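The structure under discussion appears below in the form of structure tokens.
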Amino acid sequence: MSVSEVSRAYISKQVPTISPTQLIASLPGVQAGNEGPLSTEAETMHIRGLDQTQIGFLFEGVPVSDAFSYAPWTSSMVDNENLASVKVTQGSVDLAAPLYNADGAIVTMQEIRPSDHFGGYIDLSGGTHSLQKQFLRLNTGEIGHSDVRAFASFSHSAGNLWRGPGDIERYHIDANLEKRWSGDSSSDIVFGYTRSHQNIYRYPSLAQWNQYGTSFNYDGKYTPGDTNYYKINERFTNVVFGAIHNDFKLSRDLTLHVEPYTTFQSGPNNYGATIPIAGGYIGTQRYDYLDGYEGQSGKVTVESVHPWRQNSSGITTNLDWKKGPNDLSIFYWYSYGNHTEYQNQYALSPGGDWSYNQQYLTANGLRVTGYQENTIQQVNAIGIDDKLTLLGGKLLLDAGFKASMASVSATENLPGASPYKAGKSYFEPTPQFLASYHVTKSDQIYMNATTSYRLPAGWSPYVQQFPMTSATPSSTPSSNLGAEYFIGEELGFRHNGPISFSASWFHYNLTNHQISSSSYLPGTSVLISTQIAAGGEEAWGFQGEIATKPWHHINAYASGQYLHTEIGDNVNAGTDYLPTKGKQEPGSPKFSGAIGLTYDDGTYFSNFNFRYQGQQYSTLMNDQKIPGYVTADLNMGRTLPSFHTPVHPRIMLNLVNMGGINYLSSISGFGLTAVKQKGILGNTVNASTPSYVVGSAFTAMVTLSADF
């Protein structure tokens, strides 16, 4: 299988505030939408044409995507300073991985382990856009003679939004406690906590981008009725993560892995909106007046607060029996998730202020909200995997099968919501086969045939959500709640030597393809999640990477991908079918690539990254697109003298987007068609308005750090 990785040495030379998804942006097939040098938001990215909701994200063996929307929360899980590696597996999914949304790719993050000796690490960073970060990690070393080691770290980062008013701030804690038992057994307690606040970047349409460019932002001053005032468009995120990673050597041939985990996340997300004083709606129920506004007319401008809470907990177990050339694994995974979300509307004062001490708006005693949902999800997965090594270790055959059983139940507690309660049970069988052969010690060929699946994302496929201006739902449940299913094949070659390279051909089919999108509710800044049922999809392509070993302290790297995608069906647009069959999949550039150079002589070091992304369509009709773009980053630094002390300082300068280009990096909200047109049956299909992520501006940052 194709696997690419960035190591601790590479990570240590990058901007301390960027997310793990940005760290892998130069690997083959990876395109990461970068909206700023510091972010607490879930990010947009694609691997081989699959978006972030179709990619599995694991941290220390635990799923770290949002359990319902599948958006990656990598920025909330770990600080870059504590990352040992980030690995991308393209084209296949580990059967034993605790995932139900990963089609054909996994991003795996590993944390550093506690040190054997007492010490620590500190860094202080500052840069443009008032960007700053402070980080401190302390290692206990071995505590007595207990074989127990631990570390804990704290960081604070902050900055201004580089476009528009507002700021961002993040507090984070990492901790790891390791116990080494006798007989090659060990246990790790992994903990993480994040508290963050961010004013929201505004996502432009193509017309807004062409007219305003980077000046299309939220408003810095409030005027009555303004829902785009920056102070009422913000997100608060709290994440608590914990896992106990256990590996027990039961005998010479038998090993047991057990890992219970839990992740708790909560909001709220806040937006601007206007609510009708008279004649508005809660669900399908019309109210005469808002409580306390009897006899008045017009609209009231509000801070629309969306409190949300969710928990995802589970346990993974893996029993591995290794005897001679055979390695047999039996695994089981259980997961439970719960998500609750609703809206509270707080009237703004003439100056645009509000307070939680106010009473949120009600009508006839009911909370004025567009949804009040609760979703519960459970997954049971059991499987077997057998690896057989033959021909003196040259040939490896790996065959496995997993059966996943999932159930989802969602309720919408609004008057007239239909259905009030909905759900579905899923049974997804996923066999896979992999083989590799070492032609020589340095050369290997490999192939795989894999399957995987993705459950429908979020709660909107199951129950309705409503505007407050109409009894017509703003989104309706999906008519097809089947899981997306992936069937992929890959054939590749890799060579290890002074110049190492790998190349692969890949092909996959998706059935019941579902595109996760978002759109602004008319007259508000409220983003609602939607799912586009895109039918089938087929893709094939080539990818490769090449790297040199250090030569005069210099090593080079390059990667590239060609991707061909085709939509397999004419898509149902509601009023008619659009002729989308044979069109290119949105968000899937045909060409992408990167070039990197690194220099490190032990005293001076530098790293240069150049990346290219081809043009991307944003609609299934391929009638709107963003152009290709290039970006370049430069990192350089020097190890400073220690003066015979245990303190080893260094200084580093990072330059992001050196050319300072203004560009659209990715797509936030996809559409069916960008222009109003007739469908296949002659009915009118209204135009969509895709929205886009604006790529990060030029950023310079200086970091002073030290090991001690």
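For the numbers below, each heavy atom of this structure counts, side chains included, while hydrogens, waters and symmetry mates do not. Treat the numbers as computed from the prediction; the structure is a model and nothing was measured.
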*With distance as the sole test, does Gln54 use its side chain to make a donor-acceptor pair with the main-chain N or O of Asp51 at under 3.5 Å?*
yes
*Distance only, no hydrogens: is a donor on one side chain within 3.5 Å (strictly under) of an acceptor on the other, for His513 and Glu585?*
yes
_Residues Asp79 and Ser155: side-chain donor-acceptor under 3.5 angstrom_ = yes
_If we count only N and O atoms by modelled type, under 3.5 Å, do the side chains of Gln265 and Gln310 hold a donor and an acceptor together?_
yes
*asked:* Check Glu81 with Lys133, please: is the shortest side-chain N to carboxylate O separation under 4.0 Å?
replied: yes
_With no hydrogens and no angle check, just 3.5 Å: does a side-chain donor-acceptor pair link Ser125 and Gln132?_
no
*asked:* Under the rule for ring-ring contact (aromatic ring centres under 6.0 Å, His included), what residues qualify as partners of His438, not counting sequence neighbours?
replied: none
*Quick one: does His172's side chain have a donor or acceptor within less than 3.5 Å of a partner on Tyr193's backbone?*
yes
*Taking only residues two or more places apart in sequence, or in another chain, which ones meet Tyr557 in a ring-ring contact (aromatic ring centres under 6.0 Å, His included)?*
none
*Would you check if the side chain of Asn318 reaches a backbone N or O of His257 as a donor-acceptor pair within less than 3.5 Å?*
no
_Any non-hydrogen side-chain atom of Asn82 less than 4.5 Å from a side-chain atom of Phe151?_
yes
*Evaluate salt bridge (charged side-chain N to carboxylate O under 4.0 Å, His left out) for Arg8 paired with Glu111, printing each intermediate quantity in order.*
CA-CA 10 Å; Arg8 179 68 216 151; Glu111 191 173 55; over 6 Å; no
*State whether the side chain of Asn80 and the backbone N or O of Leu83 hold a donor-acceptor pair below 3.5 Å, judged by distance alone.*
no
*Does any donor atom in the side chain of Tyr100 or Gln377 lie under 3.5 Å from an acceptor atom in the other side chain?*
yes
_Arg195, CZ: over 12 other non-hydrogen atoms inside 6.0 angstrom_ = no
*asked:* If we ignore hydrogens and angles and just use 3.5 Å, is the side chain of Gln90 paired with the main-chain N or O of Pro28 as donor and acceptor?
replied: yes
*Within a radius of less than 6.0 Å around NE2 of His117, do more than 12 heavy atoms belonging to other residues, nucleotides or ligands occur?*
no
*asked:* Ignoring hydrogens and geometry beyond distance, is a side-chain donor-acceptor pair present between Asn555 and Thr598 at under 3.5 Å?
replied: no
*Determine, for Asp633 against Arg611, whether the closest basic-nitrogen to carboxylate-oxygen distance falls under 4.0 angstrom.*
yes
_Ignoring hydrogens and geometry beyond distance, is a side-chain donor-acceptor pair present between His648 and Asp707 at under 3.5 Å?_
no
*Regarding Ser157 and Thr17, is there a side-chain donor-to-acceptor distance under 3.5 Å anywhere?*
no
*asked:* For the residue pair Ser313 / Tyr261, report whether a side-chain donor-acceptor contact shorter than 3.5 Å exists.
replied: no
*Do the side-chain N and O atoms of Ser187 and Asn246 include a donor-acceptor pair separated by under 3.5 angstrom?*
yes
_Test item: Thr140 side-chain N/O and Ala150 main-chain N/O as donor-acceptor pair under 3.5 Å_ = yes
*Report, as yes or no, whether the 6.0 Å neighbourhood of atom OH on Tyr604 holds more than 12 heavy atoms from other residues, nucleotides or ligands.*
no
*Does any N or O in the side chain of Asp188 come within less than 3.5 Å of the main-chain N or O of Val190, such that one atom is a donor and the other an acceptor?*
no
*Is there a donor-acceptor pair under 3.5 Å between the side chain of Asp601 and the backbone N or O of Phe605?*
no
*Is there a donor in the side chain of Thr194 and an acceptor in the side chain of Ser196, or the other way round, less than 3.5 Å apart?*
no
*Atom NZ of Lys590: over 12 foreign heavy atoms under 6.0 Å*: yes
*Apply side-chain hydrogen bond (donor to acceptor under 3.5 Å, both in side chains) to the pair Arg454 and Thr53, showing each step before the final yes or no.*
CA-CA 9 Å; Arg454 171 188 181 271; Thr53 69; 3.0 Å; yes
*Are side-chain N/O atoms of Arg235 and Gln198 paired as donor and acceptor at under 3.5 Å?*
no
*Verify the distance criterion only: is there a donor paired with an acceptor across the side chains of Glu169 and His197 at less than 3.5 Å?*
no
_Would the distance check show the side chain of Asn448 and the main-chain N or O of Phe433 forming a donor-acceptor pair, the cut-off being under 3.5 Å?_
no
_Any carboxylate oxygen within less than 4.0 angstrom of a Lys/Arg side-chain nitrogen, looking at Asp174 and Arg137?_
no
*Between Tyr562 and Phe591, ring centroids under 6.0 Å*: yes
*Regarding Tyr446 and Ser2, is there a side-chain donor-to-acceptor distance under 3.5 Å anywhere?*
yes
*Ignoring hydrogens and angles, state whether a donor on the side chain of Asn496 or Ser442 is under 3.5 Å from an acceptor on the partner side chain.*
no
*Quick one: does NZ or CZ of Arg48 land under 6.0 Å from the six-membered ring centre of Tyr508, within 45 degrees of the ring axis?*
no
*Tell me, do Ser12 and Tyr10 make a side-chain contact under 4.5 Å, heavy atoms counted?*
no
*Can you sort out the partners of Phe493 under ring-ring contact (aromatic ring centres under 6.0 Å, His included), two or more places apart, ordered by chain and number?*
Phe501
*Decide whether Gln134 and Asp123 meet the rule of one side-chain donor and one side-chain acceptor closer than 3.5 Å.*
no
*Determine whether more than 12 heavy atoms belonging to other residues, nucleotides or ligands lie under 6.0 Å from atom CD1 of Ile499.*
no
*State plainly whether the residues Asp116 and Arg180 are in salt-bridge range, i.e. N to O under 4.0 Å.*
yes
*Would you say the side-chain atoms of Asn654 pair up with the backbone N or O of Lys13, donor to acceptor, closer than 3.5 Å?*
yes
*Thr262-Asn311 side chain donor-acceptor pair, cut-off 3.5 Å*: yes
_Side chains of Ser666 and Thr44: any donor to acceptor distance under 3.5 Å?_
yes
*Kindly state whether the ring of Phe241 and the ring of Phe59 have centres lying under 6.0 angstrom apart.*
yes
